[in-house]
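Heads up, the thing below is written out as structure tokens.
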Amino acid sequence: MLSFRGIRHACLRSSYHYTPVLKNPSSVVSTTFAHGQFLQNQDRSACRTIAGRQFSIFRSLLQESPSTESQNSSPEDIERVVRDAKQRFRDTLPRGYLNDEEYALYERLYGPPLRETEPEDVGIPTHADMGPGVPRPDDEGTLLRQLEGGDFEEVTYKIERQIEEADVSQDLKDEIPGANKQELAEKAPGYVDIVARTRREHQALQRLAQDFEAAQKITAQQEDEVVAVEEGGMDAEDSPYWPPEEDLEYNERKSGEARRFHKYTLDGRFHGSPVEISLPREEFVTPIRELLGRTHIKHVKEAAEEAFGGPGLPTSPSTPEGRKNGKMGGVGLPPDQRHMTEIEADAFLAGYMPPAYASVTPILREVRKRLGGGWIQSRLKQGGGLSVLDAGAGGAGLVAWEQIVNAEWDLLEETGEVKEPQPSGKKTVVVASDRLRHRLKNFLQDTTFLPRLPDYEHSGEMRGEHLDAGIKPQPRKSFDVIIASNLFLKEKQDHYRQAVLNNLWSLLNKDGGVLIVIEKAHPRGFEAVAHVRDTVLNQFLLPQAGEARITPEEFNPAYHRVLEQGHIIAPCSNHGPCPMYKEAGKSKGRKDYCHFSQRFVQPQFYAHMLGKQANNQGEVEFSYVAFRRGVPKNTSVTGREATEQAFQGYEGSEQDPDMQTLPRLVLPPLKRKGHVTLDVCTPEGKIERWTVPKSFSKLAYHDARKSRWGDLWALGAKTRVLRSVRAGNGPDDGGRRAAAADGKKPRKVEVTMDGGRLSANEKNALKDRRPKSKATKQRDLMKELFDAEAKVEAALDKELDEEAEAELEEEEKRGRR
């Protein structure tokens, strides 16, 4: 493709005649330009000669027929055509431009083209004003002419298209005998005629130019019709064109994942896109990094390992993979711990906050999806916001909540429903240590810090004869959202957990308040969450089916309360007993328990706490349950009926399903060739294994292979069977069986000979006599080398210390003298 400089020097037969109009009407200058160049009279004849010769060569090239180019072509000619096509059209190719032999070579050299060539790919829209048939976008221009005194005068000129007889080449006159000036103007070469090198290229470019002109005409016609409708000349209902917003909406519906996944599959996802979340840098990572910059990272790591159970921080909110069956207790350094040293406060920021944020964020996102954004947007429109209590996450829950609220606020701003500044709401966090509170207030603005949870269960009415009480009762705190993170596992007795739950429930708003309970993902953490779930369903909320779940004899009179409306938001789709928690209490050997995971990008300071240097990918696992107080579950289908409908699937259903009545994946899907197996917790309260083969549904099979742990499933299955739950050996007996096992006498190993045969005891004893493997020998050798090196270093250190002491003694003796 010729550049503008090359096009300018091609010396076309046609020229533009400019008639300048000066500010001073008395002086009129008429000057001839040839594509921006001043041409003197003596140069015009030369230009005509060059133009004639140039067009003569071009005309000879255009006379080549396609059959001449394709027939009897040598391999060199085919390669030349292919390389010219690549040079001209880049990674695209016009339809039918190459024959089969040429296209085979093209695909072998450059691969298949990306798409069909468009006018924009060859610069036709850019140079559309250079052709004789396309008018220039404007007919005026401005020049500056320098006067004698050094000043400049503005010259306005008009562009008029004129074809002079002298500007037309003799070859064109000979080609069209008897043609007038207008006909010659129509035959004058344009942009396509200049850049095309062969007849084949000329035909392909000419088709692209015609397509571009047709598109321009359609666009201009639509613009005229729009103007006519706006001016009242045509009724909007009778408008013959399709409104552009319809196309935009259609493209948005059919773009991205919506074209590959079913709508209900996307609505039922537990994880977002991408699956791995990033911690907010400005609101979270950077402030913590600045606070930790005052202390050496080695000291913070040592303090974090001491506070959270050793290397890998097993007693932090995130449990390492190899320590999940080890010490299954609560967190080692909770935020409600009253006494913290300076280094412990830094260790809390570095080792506790990142996994706490990563565990709270997906739960808040799931609650928002299941309840809809209306319950947040309605409060934002009122200008007050929502009140949130972070009890146990140390402020990480408030940062995660701010991300949810900001997303809802952005949606309201896009629709124009709000214009005033965003309300901050009421944010409260439980932090007992003053040192930790001084650190958190640097990035938790407009936040109230409480040293402990308010206890309204034992506070009385706070009026009358009580000390420092007024005549009116004191107002009680009430929160719309309570995030209770790692509060129940640390309590050893059930009645202590009952007291904490009663206290949290008394702080929750009675009209739609949301309570979220989160614990670490191991059997003891799941059992703590399951105990809270059973307590709320049995003693706090009215049953969904209208029948009581417990008898009056089983009801605890110490915590008697009036049952009220409410339901479980997530993850459960049933309000009956948990299928993984059939017997209350601790169970030894539990393998299956309800928990979920979330991947996140670890900050550098947190990676250093874990001993990682290169890999910044982290994962946190947790068990949780979310309740809503005062609002019943708005569905008429529950239990077995909901399970049957979900098993049939909603792929072709015209009515949208209630997402809170769909089964949820409680384990990662098992992907096999031709089918996918899903372990789901059904609305009926059972753990079932659903199989989705490829023959069941192409879309369902695709979505099942892409499903993830924690998603809701709405596209049904072909077969289902009950899955046995490995719940352990029942309630814990207090360690009596373990103590009895420890009291057994160790088995004695005796080596005896019996007729040349080895007894079983001898076989066990010979294990120590077996030769060591090569790897074991290498490990032993390396250990010996390291031990020897350590001894040599210790000896050198001892010698240096002795020499230093001797020098000090000599200096002291000299000083005495």
Item to complete: Given side-chain contact (heavy atoms from CB on, under 4.5 Å), test E283 with Q403 step by step and report yes or no.
Response: CA-CA 10 Å; E283 300 86 353; Q403 303 299 315; 4.1 Å; yes

Worksheet item: What's the verdict on side-chain contact (heavy atoms from CB on, under 4.5 Å) for L541 and V536, showing C-alpha distance, side-chain angles and the deciding distance?
Response: CA-CA 6 Å; L541 301 181; V536 172; 3.8 Å; yes

Side chains of [X] and [Y] in contact at under 4.5 Å (non-hydrogen atoms):
{"X": "Y352", "Y": "S316", "value": "no"}
{"X": "R689", "Y": "L678", "value": "no"}
{"X": "F284", "Y": "M353", "value": "yes"}
{"X": "D336", "Y": "K490", "value": "yes"}
{"X": "L333", "Y": "M340", "value": "yes"}
{"X": "D711", "Y": "W713", "value": "no"}

Specify the closest pair of heavy atoms between [X] and [Y], including all atoms of both residues, with the distance to one decimal.
{"X": "P669", "Y": "W709", "result": "CD-N, 4.3 Å"}
{"X": "M580", "Y": "V666", "result": "CE-CG2, 4.0 Å"}
{"X": "E519", "Y": "L487", "result": "OE2-N, 3.2 Å"}
{"X": "A350", "Y": "L292", "result": "CB-CD1, 3.8 Å"}
{"X": "G394", "Y": "L440", "result": "O-CD1, 3.3 Å"}
{"X": "Y581", "Y": "G585", "result": "OH-N, 3.0 Å"}

Polar side-chain atom of [X] near backbone of [Y] as donor-acceptor pair, under 3.5 Å:
{"X": "H575", "Y": "I568", "answer": "yes"}
{"X": "K633", "Y": "Q660", "answer": "yes"}
{"X": "H567", "Y": "V631", "answer": "yes"}
{"X": "S278", "Y": "V601", "answer": "no"}
{"X": "R370", "Y": "R365", "answer": "no"}
{"X": "R664", "Y": "G710", "answer": "yes"}
{"X": "K671", "Y": "R705", "answer": "yes"}
{"X": "D390", "Y": "G395", "answer": "yes"}
{"X": "R439", "Y": "L349", "answer": "no"}
{"X": "N503", "Y": "A499", "answer": "no"}

Answer yes or no: are there more than 12 heavy-atom neighbours, outside [X] itself, under 6.0 Å from its atom [atom1]?
{"X": "E342", "atom1": "CD", "answer": "yes"}
{"X": "K706", "atom1": "NZ", "answer": "no"}
{"X": "R368", "atom1": "CZ", "answer": "yes"}

Worksheet entry | Check against salt bridge (Lys or Arg N to Asp or Glu O under 4.0 Å), E366 and K369 | CA-CA 5 Å; E366 179 71 10; K369 291 178 67 175; 5.1 Å; no

Discussion item. Which residue in the set V481, V430, D480 passes side-chain contact (heavy atoms from CB on, under 4.5 Å) when paired with L389?
Written reply: V430

Fill in: Lys NZ or Arg CZ of R720 over F647 ring: under 6.0 Å, within 45°
yes

Rounded to the nearest 0.5 Å, how far apart are [atom1] of [X] and [atom2] of [Y]?
{"X": "E306", "Y": "E344", "atom1": "CD", "atom2": "CD", "answer": "7.0 Å"}
{"X": "L662", "Y": "T643", "atom1": "CG", "atom2": "OG1", "answer": "10.0 Å"}
{"X": "H595", "Y": "L667", "atom1": "NE2", "atom2": "CG", "answer": "7.5 Å"}
{"X": "F526", "Y": "H531", "atom1": "CZ", "atom2": "NE2", "answer": "13.0 Å"}
{"X": "F600", "Y": "S318", "atom1": "CZ", "atom2": "OG", "answer": "6.0 Å"}
{"X": "F449", "Y": "L436", "atom1": "CZ", "atom2": "CG", "answer": "8.0 Å"}

Item to complete: Begin from the C-alpha positions of I277 and Q598 and carry the test side-chain contact (heavy atoms from CB on, under 4.5 Å) through to its verdict.
Response: CA-CA 8 Å; I277 65 174; Q598 176 61 57; 3.5 Å; yes

Discussion item. Apply side-chain contact (heavy atoms from CB on, under 4.5 Å) to residues V517 and F488 and explain how you reach the verdict.
Written reply: CA-CA 9 Å; V517 178; F488 296 93; 3.7 Å; yes

Practice prompt. For a salt bridge (charged side-chain N to carboxylate O under 4.0 Å, His left out) with E527, tell me which candidate from R590, K586, K588 qualifies.
Written response: R590

Identify every side-chain donor-acceptor pair in residues 356-364 under 3.5 Å, counting partners at least two apart or on other chains, and give the distances.
from, atom 1, to, atom 2, distance (Å)
S359, OG, P355, O, 3.2
S359, OG, A356, O, 2.9
T361, OG1, Y357, O, 2.8

Worksheet item: Pick one: which of H522, K520, E621 meets side-chain hydrogen bond (donor to acceptor under 3.5 Å, both in side chains) with T319?
Response: K520

Worksheet item: Do NZ/NE/NH1/NH2 and the carboxylate oxygens of R723 and D592 come within less than 4.0 Å?
Response: yes

Worksheet entry | Ring geometry between F596 and F270 (parallel below 30°, tilted from 30 to 60°, perpendicular above 60°) | tilted

Worksheet item: Hey, are E564 and W505 close enough side-chain-wise for a donor-acceptor pair under 3.5 Å?
Response: yes

Worksheet item: Got a sec, which residues hit side chain to side chain donor-acceptor pair (under 3.5 Å) with W690, two or more places apart in sequence or on another chain?
Response: E688

